[in-house]
Amino acid sequence: MREVIVAEEGEILDVELSENLLKMNEELASKNRELLKKHGIKSVEIMGSIGSGKTSLIAEMVKRLKEKYRIGFIAGDLTTTIDSDRISKNGVDVVQINTGKECHLDANLVMKALERLDLEALDLLFIENVGNLICPAEFRLGSEKRVVVVSITEGPFMVVKHPFIFMEADVAVINKIDLAEAMGIEVSKLEKDALTINPRIKVVKTNCRTGGGIPKVIEALGL
Ligand code: MG
Ligand code: ZN
């Protein structure tokens, strides 16, 4: 026997609270977007699970773009500064946001981070969200583009199980493709899943450890 309980609208506790919260977040996200636009800053948010390769992707893009753009980085993490330490070594202006128990960044936290950066001195901003494929989909931060990273090691259902984040993203990066054979994963199936959910999404396959595919991500983002 197999029973499935489907949560009806209004049945999840605090649904009203979360609707207000999301509305407030949207307003702040628009303000962030305007602020970045006013300063002529291109902005990209990177979402994905812990260990999918978000920071590696950013590090590889920074390596290739740091002559062309003055780059800033906002790093979201529950408690550590590992990622911001790694990126700041490249002469990038970094603001770390430790969210504590919160499993996502929101527009208010990003607004606070933007106050700490010298926006006059930046052309490009990367924002790494907390490692999570669920709530970041709903909480827009105000960036111009959104990237979702999934890696081969997360298994064959990572895309179909997280449709909302793929609906929200402009670019999907399938990382660690060098491990596809060892993991028995069909990369073309993941790609097809992403395009079925969001026909406008640009899918790029990468191996961020070696830099494979990074120029294509940069191209997909129009950078
Ligand atoms: Mg990271
Ligand atoms: Zn969350």
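Atoms considered below: every heavy atom in the structure, side chains included; atoms not considered: hydrogens, waters and symmetry mates. It should be emphasised that the depicted structure is a prediction, and the values quoted were computed from it without experimental measurement. In each ligand, atom 1 is the first atom listed, and ligand 1 is the first ligand listed.
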V217 with V149, same ILVMFWY side-chain cluster at under 4.5 Å: yes
Test: R140 and E45 ion pair at under 4.0 Å: no
Side chain to side chain contact (heavy atoms under 4.5 Å, CB included) partner of D106, the single match among N25, L28, N129, I97: N25
Salt bridge present between E34 and K31 (N-O < 4.0 angstrom): no
R146 with D170: basic N within carboxylate O range, under 4.0 Å: no
Number of protein N, O or S atoms [distance to the Mg ion (ligand 1) under 2.8 Å]: 3
Basic-acidic side-chain contact under 4.0 Å: K89, D85: no
Sole candidate of D123, L125, L122, I41 that passes side chain to side chain contact (heavy atoms under 4.5 Å, CB included) when paired with Y69: D123
Between CD1 on residue I50 and CD on residue E154, distance to nearest 0.5 Å: 10.5 Å
N-O pairing of E60 and R209 below 4.0 Å: no
Sphere of radius 2.8 Å around the Zn ion (ligand 2) - protein N, O or S atoms inside: C103 SG, H104 ND1, C135 SG
